[in-house]
Amino acid sequence: MEKAGRRRDEVWERVTLLEGGRRWMCNDCGEEFTGGASRIKAHLNKVKGTGIRPCIGKANSNNDTERNLLDSQGQIQADDTEDHERTQDLQMMKQYAFDCLRPEDKVILSPLSYLTQEGFITLKPETSLDSLVIDTFVEILNDIERKNKTTPSNWYLPVTFSDAAIKGKVSHFLNFVHCQKITENYMSDLESCEKNKEIEIWDSLSNTSEAEIEETTKKLLIAMEKLFEQVTFTEFHWKMVDDILLQPNGFDCGVFVINYMQQSDNYVMRDSSFQFDSQKEREDLALKLLNSDLNKEKQNLYDKARRHYAQDEKQHGNKRGNSHDDLVKGPSQSTSLKDQLIHSDRGQIEGDTKYQERIQVGSSFVSNWDTEDLQMLKYVFECLSPRDLVFRSPRSHLTQNEFITLKPGTWLDSLVIDSFVEILTESEKKKATPSNWYLTVTFSTATLGLDEHKFKDFVHRQNMRKNYIFDQESPEKVFIPVHTGQETGGHFYLYIFYLNKNVIEIWDSLPNNESVDATERDEIIARKLLFAMEILFEKEKGAFSNYKLERANDTLLQDNEFDCGVFVIKYIQQSDNYVKGNPLFQFDSQKEREDLALKLLTNDLNQEKQNLYDKARGRPYARIEKQDGNERLRVGASEMFIEAKYDGRVNNRHDGLQKGSSKGYLLPTTDLIGENFQRYTEQIWEWIMDSKVSAIGIWGIGGSGKTALATHIHNKLILEEADSDSKVIWVTVSQKYSISHLQKVIARSIELDISDEFEVKRIAGKLLQAFKEMKKCFVILDDAWDHFFLKEIGFPMSDNRIKFILTTRILEVCQGMDCEKNTVKVESLDPQDGWALFEMIMGFHEELSWEVVEIARDILYECEGWPLAIVRIATSMKGKKQVREWSHMLECLKNLGNRQYEMDKWVVSILRSSYDFLTNKLQWFFLYYILNINREPFYHGNADQVITSFVYESIDETKKLWELYIEGYNMYHKLNNHGMLDPCEWNDDWQWKMNKFYRALAINIVEDTGKIMANAYKNLKEIPSDDQWKDDLQKVFLRGNKIKTILYITSPRCSKLSTLCLDGNTNLNYISDDFFNNMPALKTLDLSDTSIQRLPESVSGLKYLIALLLSGCYKLSYIPPLTNLKRLIVLDLSFTTIIEAPLGLESLINLKCLNLLETRNLVISAAVISKLINLEHLELNVTTQVGIQGLENLEVIVAYFDDYSFVFNTYMSFLAKHCVLRSCHITLGDSSDDGINIDYFMKRITFMNMNLTNILQSILPGDMNEFFIKQCHQETGANSLCRALSYGRKIELLDISWCENVKYLCCLSSFCPFCSSSQLVGRLCLSGLKDLKDIVSPYTLLPLHQPFLFSCLTHLKISFCNSMETLMTPKLLALFQNLRTIDVNYCGKMKEIVGEDDHSKMELGGSGDLSHPTPITLPKLTSLKLWEMSLLNFVYRGVMLCPSLQKFSACRCEKLNPPQIEKSEISHGCELPIKKTTSTEYRWEIKTD
């Protein structure tokens, strides 16, 4: 209807008003609608996205005129008299938001941010504006800039950006920029932005000091330079802007900032005629926010406001009170604003649809939530069993039994509060500068109920510091909820620690509760919490003793006895109506509890959310019916229409199960480059065709091509199995998988209906039955991070018709899923294949200059064959031809870890998930390992050093040292199994290297902490400058540099420094005596391999020192007194030149490890060592009778003896009688070249540079299981080593190298003590034995009934034995039936590996046929490797039967004939297809399954 005093819009002539005046019919198409003039215009002009169907009638004659009447920008001026209806609607919405919404309700929801009612109401007069209001306008202005300008000239950045730049660290700022995608979201076009190199400061109060402005400006300039390296922002100069409008009060600065950004005329140029009206300006801003096209809450808010005031009019006879500004006249009779709004993701609700704002849940009602959310809540309350999971997050879970304590009239379960604590913590982590910490009720309960030792263990096991205390600098408050009284019931209240004020506030919603002892609450519990905070913060005792206790006043109090838990949650959230008592606020227990319940269920942390949505949809009270082409959702007795075409599914807003599965269609993939991928594909396909194989694994580093390989296999299965009844299923597992989710994806893929089942076991039964009925099925599980039991999902375990192909980054996942034997590791690409991939991605259309090509090859080298890096870099360099561009990319790759943003974004971030999946201790081991290993490939020996250093650096005083060593080695191998170490074989030895991108990741992580100085192996000549030695520094790694002296007059103030590593600075000869004075917390000091002569006096004051490492300080002659180092556990003085024991050594009663190796001039009494009663590990040179009496805890001993003297025999006798050792390493002879690493489960003896004949005079333990004989000799006539080896019984390793006059290893005589009673059960290594002719003496009658010596030998390695012509005879080989590997190399005269020697040929005479020898069998042999033997003719002249063989290779054996190797007797002469792979190396190779 036309309103009085207002000109009727011409568009009304194009429609016919129907009865009642609210509906109209289009004269062109005959469709009926509701709404006002703007709806008619949208309909006639066929404008999409406005919530009304376009007109399908005759063409409009006045389209241009009418279209111009529409508001193209969606911006509304508050005083727009031409659309008074729209203005009234906006006023209604604004007033509804101000008066009726709760503080946490969303008012503005845009793509980048949202604004709650709590922030929106700061637009009321005389209120300081919330910064999020400004940030929302920033987003609107950026959107207008992008849409309305062909070349944008302005950028608008949010207040959160400046906060992060000014208040946070550089690392935090860069992380904020990366996470918030600042450049993508706010900086659309760098080129077109105006560059005047000026900064103007617009201040509406002009009262900021110049020093403060200069400091803030400097930080912003630094922040901008970090974003854009190509612009030098430090050249900019700043000035204050004059002649602008200034605010007349102290609270409108935010309003002025918004108008300054909009460059509003009356604000930019001071106009004396303009009168600033704060109330009007704020209202105008509020209406612009509400009406912005970016606001996705606009439709929802309008509907709620209209229904609210419509109901109010019915109740009060259309009499409504006006607001203070008398601008709200009540809801308009038209729906013009609603008519021009776009669809929201909840569906468009037509004006004539009866929409219920409230839906019954149990016996009550909940408002402001989606119907589907409410449906889920009802299902949880009424249908689940008590043990069913309702809420599951990374750190906690709630069962239905715990969750239903949110029902009215019930005491809350403490786990509900803990779940909210986790939600608030995760929300806080996302802030640029977190200000709050939230701890759990479980924490306070542990504080009150456990002793100190158990509480520390609780903090460690629960990982409280990492999970809840993530930034120890910026937070201001700590919230700790406490529960006292009975387990059921009791009372909750809250402690808030104000860290900046040294104040504790007690928030108690029942302060006079008789069940709570006020003295206990105010004194005893508070004191215990203070002590707990000291432990949590790792502070000294008394650090929190000066906190003042206060009670919070003027807070909302509960009016019953059971809502204390609800109030605690609201107190923690600092909800307005609870923080300050509001007499107008009426607490509604039922409503608040249901609101909390829905927040828990629908929170993004809840991993059960999807599962609950799905289950709730399938209940009989929530069903879909089709009517008039629309979906009708029936919930109980209420109905709701959703304008959407019916497709047979429930509203799938939360349905993500379709994603990740394929039902028989080809998947997109990339080309596989290189011979390796071809080999992988052939091998996997061979396993697929093998009926004995049911599970196949593909593993490797992230980005190596595992998924691409699996996709090719998937597509090949689709194509080649197209005519069969087989199913091919693709499932992306990912880290956050659940059994129920996998079941649903798989059920959909095989078209199995499980909608009527809710229990995992029952669904598994259905799937199991379905799989049994299939002829064939292939399941590809991509990106698995943990192994799981297939039968739990519903897969048949022993049915080979069902085959699984698994891709993972972790070898242990393959092992846990029973596919270790059928696993391929996707390796890095070799240079040739890497270049082919690079060219394919680049798509070279034009010739590049030779300079660019050379740089491109250098770039490829830096990628280390990693496909992801190659693809990303090649993609980014497309079309670039300038040398400078390519040089810049090369420089970025060489300086990874120096915050090369592009590389971090493209590549390093992919590896972060592998790091995040590690346990906390393994994460630190990974960082420590990278920080302390040089970039070059390293050997196991280097790894041993780092592992030992890690044990000392992170020593656990409660564990045995050998346990810590084993744990360190396990972590080392675990990194390898996670693909984070890259093994490579070189010269028959294994080297390891660290992927450079993992190194960059580690450096970035360390820099983010700000508490670790990582400058190892950087060729530093001086220690870092004073400003880098910060007080909160915790660990400093300076090893492997070129530092010569440390001349600090005063010590750096590093009160929290626990680790200082200066080892490997070989030229370091002097450290000032005061250097360590201000490092009271130092636990590990490593000065190994330096030239230090005197240890500084200040070392004596390091009372908390646990490890003092001085090995290899070959000039060290003075150590200050160690009397005060009572906590010292490890003291390493090996390879030093000290001549007397350090003063106070005998008082180190906690010492567990003492290393005195190669301190030959050291004079130390037996009494000193015997006082070290806790010693577990002792290493020393024994030159005199140094006693070890009283060392009852000794488990590892390493002792060097110069010869077989009386001292040696006495020592061995004592060990045999009194010590039960775990590990014993004894070296007899010259130990200068003994580089054997310690194995903590072995007992080893080494003879070096000795006459072996004299060993018989020695007393040796009989339980030694490793023998090393190095550079020894024996007298002429003693051809074998039987006499020297007669001490061994069960020998796991026998290594004999570079010895003279050794012609035979043994005699194999039944009368020989060694040959008849000893057994080789592991490895036999013979190297550099120039006189060795045979393993067994040919002059001994070989008793075939005596296979005991070699029967369990598994590995045989022979090298540099240049007198051997034949390795062994067939008769001897028959004794080696457990042999798994044979490795023979550099034996210059070797002609046959297995053959008859001259002595055997003489025995055979004319009776044997040498041209057709009998076949030989090696049943367990898996690898045969031959290298560099120019005279080698045959492996064996006859047939070799090797059923387990996996690899045969022969390199640089020019005369070798291809061996006749067969896999089984059934093959009937079908030999393995051994071929020559290269013409230069004469190498044959075969890899079999």
Undergrad: Considering non-hydrogen atoms only, spot the tightest contact between Leu90 and Leu287 and give its length.
TA: O-CD2, 3.6 Å
Undergrad: Is the shortest side-chain heavy-atom distance between Met1013 and Trp1029 below 4.5 Å?
TA: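 Met1013 reaches Trp1029 side chain to side chain.
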Undergrad: Whether the side chain of Thr216 engages the backbone of Ile213 through a donor-acceptor N/O pair (distance < 3.5 Å, no angle test) should be reported.
TA: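 No, because the side chain of Thr216 does not come within donor-acceptor range (under 3.5 Å) of the backbone of Ile213.
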Undergrad: Kindly compute the distance separating CD1 (Ile144) from OH (Tyr156), expressed to the nearest 0.5 Å.
TA: 8.0 Å
Undergrad: So, Ser1025 and Asp1027: side-chain donor and acceptor under 3.5 Å apart, yes or no?
TA: yes
Undergrad: Between Glu200 (side chain) and Lys239 (backbone), is there a donor-acceptor pair under 3.5 Å?
TA: no
Undergrad: Check whether any side-chain N or O of Asn295 sits under 3.5 Å from a backbone N or O of Leu290 as a donor-acceptor pair, and report yes or no.
TA: yes
Undergrad: Cation-pi between Lys477 and Tyr498: NZ/CZ under 6.0 Å from ring centre and within 45° of the ring axis?
TA: no
Undergrad: Kindly say whether the aromatic ring centers of Tyr571 and Phe479 come within a distance under 6.0 Å.
TA: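 That pair fails the under 6.0 Å test.
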Undergrad: Mark yes or no for whether Gln117, through its side chain, and Ala97, through its backbone, hold a donor-acceptor pair below 3.5 Å.
TA: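 Checked: pair present.
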Undergrad: Is the closest basic N to carboxylate O distance between Lys280 and Glu283 below 4.0 Å?
TA: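 Looking at Lys280 and Glu283, the cut-off is not met.
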Undergrad: Going from NZ on Lys298 to CG on Leu289, what distance comes out if it is rounded to the nearest 0.5 angstrom?
TA: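 Rounded to the nearest 0.5 Å, the NZ-CG separation comes out at 11.5 Å.
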Undergrad: Decide if atom CD of Glu126 counts as having more than 12 heavy atoms of other residues, nucleotides or ligands within a radius under 6.0 Å.
TA: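 No, because the 6.0 Å sphere around CD of Glu126 holds 12 heavy atoms or fewer from other groups.
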Undergrad: Taking atom NZ of Lys548 as the centre, does the number of heavy atoms from other residues, nucleotides or ligands within less than 6.0 Å exceed 12?
TA: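 Result for NZ/Lys548: open.
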Undergrad: For Thr127 and Leu123, indicate whether the former's side chain and the latter's backbone hold a donor-acceptor pair under 3.5 Å.
TA: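 No, because the side chain of Thr127 does not come within donor-acceptor range (under 3.5 Å) of the backbone of Leu123.
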Undergrad: Below 6.0 angstrom between ring centroids: does that apply to Phe537 and Trp437?
TA: yes
Undergrad: If you draw the axis of the six-membered ring of Phe137, does the NZ or CZ of Lys288 fall within 45° of it and under 6.0 Å from the ring centre?
TA: no
Undergrad: For Asn1078 and Cys1054, indicate whether the former's side chain and the latter's backbone hold a donor-acceptor pair under 3.5 Å.
TA: no
Undergrad: So do Ile1005 and Arg912 actually touch side chain to side chain, heavy atoms under 4.5 Å?
TA: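 Yes - at least one pair of side-chain heavy atoms lies under 4.5 Å apart.
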Undergrad: When you compare the side chain of Thr555 with that of Val579, does any pair of heavy atoms fall below 4.5 Å?
TA: no
Undergrad: Between Asn142 and Glu139, is any side-chain donor less than 3.5 angstrom from a side-chain acceptor?
TA: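 Checked: Asn142/Glu139 side chains show no N/O donor-acceptor pair below 3.5 Å.
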Undergrad: Checking Glu1007 side chain against Asn1004 main chain: does a donor-acceptor pair fall under 3.5 Å?
TA: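 Not at all, since once roles are kept as given, no pair shorter than 3.5 Å links the two residues.
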Undergrad: Distance from Leu285 atom CG to Thr136 atom OG1, nearest 0.5 Å?
TA: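 Reported to 0.5 Å precision, the distance equals 11.5 Å.
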Undergrad: Determine whether Phe256 and Leu205 make a side-chain contact, defined as any pair of heavy atoms from C-beta on separated by less than 4.5 Å.
TA: no
Undergrad: Can you confirm whether Leu221 sits close enough to Ile199 that some side-chain heavy atom of one is under 4.5 Å from a side-chain heavy atom of the other?
TA: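 With C-beta onward as the side chain, the pair touches.
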Undergrad: Taking Thr122 for the side chain and Gly119 for the main chain, is one N or O donor matched with an acceptor at less than 3.5 Å?
TA: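 Indeed, once roles are kept as given, a pair shorter than 3.5 Å links the two residues.
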Undergrad: Enter the distance from Lys106:NZ to Phe120:CZ here, rounded to the nearest 0.5 Å.
TA: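 Between atom NZ of Lys106 and atom CZ of Phe120 there are 15.5 Å.
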Undergrad: Side chains of Asp252 and Arg282, heavy atoms from C-beta outward: is any pair under 4.5 Å?
TA: yes
Undergrad: Would you find more than 12 non-hydrogen atoms of other residues, nucleotides or ligands less than 6.0 Å from Glu1022 atom CD?
TA: no
Undergrad: Could you check whether any side-chain N or O of Glu428 sits under 3.5 Å from a backbone N or O of Pro434, counting only pairs where one atom can act as donor and the other as acceptor?
TA: no
Undergrad: Distance check, rounded to the nearest 0.5 Å: Ile166 atom CD1 versus Ile222 atom CD1?
TA: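 The CD1 atom of Ile222 is 11.0 Å from CD1 of Ile166, to the nearest 0.5 Å.
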Undergrad: I'd like to know if the side chain of Trp886 and the backbone of Lys880 have a donor-acceptor N/O pair within less than 3.5 Å.
TA: yes
